[in-house]
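Notes for the one structure printed next.
Just follow the structure's listing: the first ligand is 1, and inside any ligand the first atom is 1. Sequential numbering from 1 along the given sequence is applied to the chain's residues.
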Amino acid sequence: MSLFITLAFLLASLTQASRIAPRQLKYSTVTGYFLQDDPSTNATSFNFTTTNFGLIDRAYASDPQGYTHLTQWQRFRREVSQLNRVAPRGVEYKVLYMGRHGDGFHNDAQAYYGTPAWNCYYSIRDGNSTITWADAHLSALGISQAVAVNRFWKSEIGNQKIPVPQTYYTSPLTRCLQTANLTFSGLALPHRYPFRPTVKELFREGISGHTCDRRGSKTYIHNAFPGYKIEDGFTETDQLWEALHGETSVDQDIRSKKVLDDVFSTDDSTYISITSHSGEIASILRVLGHRVFPLSTGAVIPVLVRVQTVKGESPTTASQSYTAICTCTSPPAITATTSDCTYPTATGVS
Ligand SMILES: *[C@@H]1O[C@H](CO)[C@@H](O)[C@H](O)[C@H]1NC(C)=O
Ligand SMILES: *[C@@H]1O[C@H](CO)[C@@H](O)[C@H](O)[C@H]1NC(C)=O
Ligand SMILES: *[C@@H]1O[C@H](CO)[C@@H](O)[C@H](O)[C@H]1NC(C)=O
Ligand SMILES: *[C@@H]1O[C@H](CO)[C@@H](O)[C@H](O)[C@H]1NC(C)=O
């Protein structure tokens, strides 16, 4: 091709591209299906394993005549299919199963030292002389929590015929990589939908300046979890974590929206599993318009999401620079109730 033709072709494609109106995705939580989004449910005492994942026992408009042979989850699956069938153009319904990792060494250290001392002194170190909490691994408790969630999935698949995830995503932090592995190992999954999670950078915990939120290299993740896919563009080393500095919660919500946009615009699945963190799942819930629902370590929350494509451009880039975190020069006493630093109440949870 001559240079002229190449240029003309380029110009034509640019003109074409500029004619495509920008589109953005809008999210809302569809209430009335899960106890977790009901304002009268007490999140603190809620246990998803004793409540069928929180799926409300009820009739649906889509229930067939004499449906007593179908479980609630089988009928829910029909209901979601029906919602999608009759949805207006540009609207889709998706079900997210979002799991928080099991207890990690950083959770134990925070409990041991107390949150003020943890936040201002210990969290910025890699560990103490006995344990490492940088990119924390699961503790024995965390492993048992993930194994319990695995048992629960087994019983839900066997007894409830729950729709299993069609795709899996995980944070790149070790505690989530491990939790996903233990949670979904050995389940009777359909051949079409094997457990082969994709590691996604932006499902990581709030970037806090704490070493527990600094991820391992791509090579480390690949070697430790060879069955996992790593998303395109994932950098060898962690480019987002910065010592002593953290992203703002405004920016965390922007990147949560960005990663959800990425998933929903590239993945046709209706049932999607995400293994992430308390702070990040809290951020995703905000983006989805779900009420506040804190998860204990190992807990899973399902959300029925309405995804609507509308005209317009959504902000996808961070709008604020990282802020410096406050530190103490000497360690506050173990379980000190205050330090020289003050934090908004949500800080330091991961
Ligand atoms: C929610 O449950 C927690 C733990 O059981 C309890 O301490 C709290 O009082 C409950 N809150 C309400 C509003 O009932
Ligand atoms: C939830 O209930 C199960 C079954 O009774 C129990 O084994 C588990 O410890 C409970 N989980 C929490 C976080 O209380
Ligand atoms: C290190 O931290 C853990 C808390 O996770 C604690 O049990 C242990 O005693 C600490 N080690 C030292 C030497 O202080
Ligand atoms: C989980 O990890 C173990 C140990 O590395 C590995 O043998 C197994 O294949 C993994 N399972 C899944 C489902 O990724």
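- Under a cutoff of 6.0 Å and an axis angle of 45°, R215 and F234 form a cation-pi pair.
- Between C120 and C326, the gamma sulfurs sit at a distance of 2.5 angstrom or greater.
- The salt bridge (charged side-chain N to carboxylate O under 4.0 Å, His left out) test with R255 singles out one residue from E205, E201, E280, and that residue is E280.
- Counting the atoms of ligand 3 from 1 in the order shown, those under 4.0 Å from a heavy atom of D108 are 5 (O).
- Between the choices T130, I334, T132, N128, the shortest heavy-atom distance to atom 1 (C) of ligand 3 belongs to N128.
- Judged by the 6.0 Å and 45° rule, R125 forms a cation-pi pair with Y121.
- When only non-hydrogen protein atoms are considered, atom 10 (C) of ligand 2 lies nearest to N47 ND2, 2.5 Å.
- Just one residue in the list W73, F184, F195 forms a ring-ring contact (aromatic ring centres under 6.0 Å, His included) with W153, and that residue is F184.
- Residue N42 places at least one N or O, backbone or side chain, under 3.5 Å from an N or O of ligand 1.
- Heavy-atom contacts of T50 reach the following atoms of ligand 2: 2 (O), 4 (C), 5 (O) (cutoff under 4.0 Å).
- Heavy-atom proximity to Y113, at under 4.0 Å, picks out these atoms of ligand 3: 1 (C), 2 (O), 10 (C), 14 (O).
- Scanning the protein for heavy atoms near atom 9 (O) of ligand 3, the closest one is Y112 OH, 3.5 Å.
- In this structure, H277 has its ring center under 6.0 Å from that of H101.
- Closest protein heavy atom to atom 4 (C) of ligand 1: T44 CG2, 3.9 Å.
- If you check which protein heavy atom lies closest to atom 13 (C) of ligand 3, you get S129 OG, 3.3 Å.
- Counting protein heavy atoms under 4.0 angstrom from atom 7 (O) of ligand 1 gives zero.
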Task: Step-by-step ring-ring contact (aromatic ring centres under 6.0 Å, His included) determination, F46 to F293 - done: CA-CA 10 Å; F46 188 77; F293 198 90; 5.7 Å; yes
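- The protein non-hydrogen atom at the shortest distance from atom 5 (O) of ligand 1 is S45 CB, 3.5 Å.
- Less than 4.0 angstrom separates some heavy atom of T49 from each of these atoms of ligand 2: 1 (C), 2 (O), 3 (C).
- For an aromatic pair to be called close, the ring centres must be under 6.0 Å apart, and Y33 with Y60 satisfies this.
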